[in-house]
Amino acid sequence: MGKSLNCLISAGPTREWIDPVRFISNPSSGKMGYALASEAHKRNFKVNLVSGPVLLPIEKGIDVTYVESAEEMSIAMMTQFNEADLIIMCAAVCDHKPKEMWGQKKKKADFPTSIEFVSTKDILYELGKRKKENQKLIGFAAETESCEQNAKKKLNLKNLDWIALNDVSIKDIGFESDLNEITLYSNSEQKVKLSIASKEKLAAQIFDIITK
Ligand code: CTP
């Protein structure tokens, strides 16, 4: 039997701490990324999952690196990128972090009325720059308006093979939900709309398409 291919997947949110008891984050449950990891495992990929803080069990046979901040996720993805044949960036990475993290809990009376933020690294953009001929790079796009246009922009900017668009303005699907609705766009102008379904079913359909 030939050597199995490596699949590197990120999932879940990141947390950017303000002080030891407060952070900013987003409602990502990690379900879509974990479903993709499970599907990759079923298809005999060697799976490395880089997971932000989520409440999901990990399937036997999947290697996990747990991370918290965008910075930690970036390091974990960069370290494992060269070995990977297929890379799926499904995590909801925080684009901003507090400029400084206070070492002590900020007391209620001392809490500022505004906090200064700085950008985190765009991990997927960095991966896109490093992508080699034999690697396939897949991203996600969470959009609320001009969805197709914004998704295609990210596909090109981040040098992706496919992007999976989530319209997060539709209630009851996407973030936190068990259901999702996805449209896939490729760098060769293909468009595939997948109807609303469980994240497990969508993961299987996504793999059918991106590994064709
Ligand atoms: N992404 C990333 N690093 C970031 C932000 C996003 O790797 N700091 C990845 C996400 O995992 C996703 C893709 O980039 O695969 C698009 O993420 P999205 O949040 O939709 O878009 P942004 O690039 O953050 O742009 P914007 O917030 O302007 O929509």
Side-chain angles (χ1 to χ4, degrees), residues 7-17 23-37 39-40 48-54 65-82 84 86-99 117-131 135-170 173-177 180-187 194 199 202-203 206-207 209-210:
C7 183
L8 175 62
I9 300 177
S10 70
T14 67
R15 279 181 187 172
E16 312 302 329
W17 289 90
F23 57 77
I24 67 153
S25 191
N26 60 65
S28 169
S29 64
K31 283 175 193 163
M32 192 66 239
Y34 274 58
L36 287 164
E39 188 60 35
N48 290 301
L49 178 62
V50 173
S51 176
V54 298
T65 308
Y66 289 104
V67 297
E68 211 163 50
S69 63
E71 181 64 33
E72 287 169 10
M73 183 168 281
S74 174
I75 292 168
M77 292 301 289
M78 292 293 172
T79 311
Q80 301 183 77
F81 182 71
N82 284 341
L86 174 62
I87 305 96
I88 308 178
M89 192 74 203
C90 189
V93 186
C94 290
D95 291 318
H96 303 93
K97 64 176 179 188
K99 189 170 179 194
F117 286 93
V118 293
S119 298
T120 57
K121 226 183 264 158
D122 188 328
I123 304 169
L124 189 55
Y125 178 76
E126 296 299 325
L127 299 178
K129 284 202 292 193
R130 286 164 179 73
K131 186 174 74 168
Q135 289 179 307
K136 254 190 206 169
L137 184 60
I138 321 295
F140 274 72
E143 307 292 349
T144 59
E145 57 181 355
S146 310
C147 297
E148 175 160 336
Q149 195 189 334
N150 285 329
K152 285 180 174 171
K153 217 188 270 173
K154 285 174 192 170
L155 171 77
N156 294 324
L157 177 74
K158 305 193 190 199
N159 192 23
L160 309 177
D161 295 277
W162 287 92
I163 194 153
L165 164 68
N166 271 322
D167 181 344
V168 286
S169 70
I170 306 172
I173 61 167
F175 276 143
E176 287 179 302
S177 170
N180 207 355
E181 189 178 58
I182 276 175
T183 307
L184 287 164
Y185 299 91
S186 80
N187 60 356
L194 306 174
K199 290 181 176 175
L202 284 168
I206 290 171
F207 263 88
I209 293 161
I210 64 175

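Position 1 is the first residue of the sequence, and the numbers go up from there. Values reported hereafter were calculated over all heavy atoms of this structure, with side chains retained and with hydrogens, waters and symmetry mates removed. Numbering of ligands and ligand atoms starts at 1, following listing order.
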So, applying salt bridge (charged side-chain N to carboxylate O under 4.0 Å, His left out) with D122, which one of K154, K158, K129 is it?
K158
Closer than 4.0 Å: a protein non-hydrogen atom to atom 21 (O) of ligand 1:
yes
Test item: protein heavy atom less than 4.0 Å from atom 8 (N) of ligand 1:
yes
Using a strict 4.0 Å cut-off to heavy atoms of [X], name the atoms of ligand 1 that fall inside it.
X	value
G139	15 (O)
V93	2 (C), 3 (N), 4 (C), 5 (C), 8 (N)
D95	4 (C), 5 (C), 8 (N), 24 (O), 27 (O)

Among all protein heavy atoms, pick out the one at the shortest distance from [atom]; state its residue, atom name and that distance to 0.1 Å.
atom	result
atom 23 (O) of ligand 1	K158 NZ, 2.5 Å
atom 17 (O) of ligand 1	F140 O, 3.7 Å
atom 26 (P) of ligand 1	K154 NZ, 3.9 Å

Inter-residue atom distance R130.CZ - Y125.OH, 0.5 Å rounding:
10.5 Å
Rounded to the nearest 0.5 Å, what's the gap from CG on D161 to CD1 on I88? Could you check?
11.0 Å
Going by distance only, is there an N or O of [X] that falls short of 3.5 Å from an N or O of ligand 1?
X	value
A141	no
I123	yes
A91	yes
M89	yes

Quick check: does any side chain N or O of [X] sit under 3.5 Å from a backbone N or O of [Y], one acting as donor and the other as acceptor?
X	Y	value
N26	A92	yes
S186	W162	no
S10	A91	yes
N166	V168	no
S69	E72	yes

If we set the cut-off at 4.0 Å for heavy atoms, which region of T120 has an atom near ligand 1: side chain, backbone, both, or neither?
side chain
Tell me which part of K121 gets within contact of ligand 1: side chain, backbone, both or neither, using heavy atoms under 4.0 Å.
backbone
Contact between M73 and ligand 1, counting heavy atoms under 4.0 Å?
no
Between S29 and Y34, a side-chain donor and acceptor under 3.5 Å:
no
Looking just at side-chain N and O atoms, do T14 and E16 make a donor-acceptor pair shorter than 3.5 Å?
yes
Which of these, L127, L160, D122, has its nearest heavy atom closest to atom 1 (N) of ligand 1?
D122
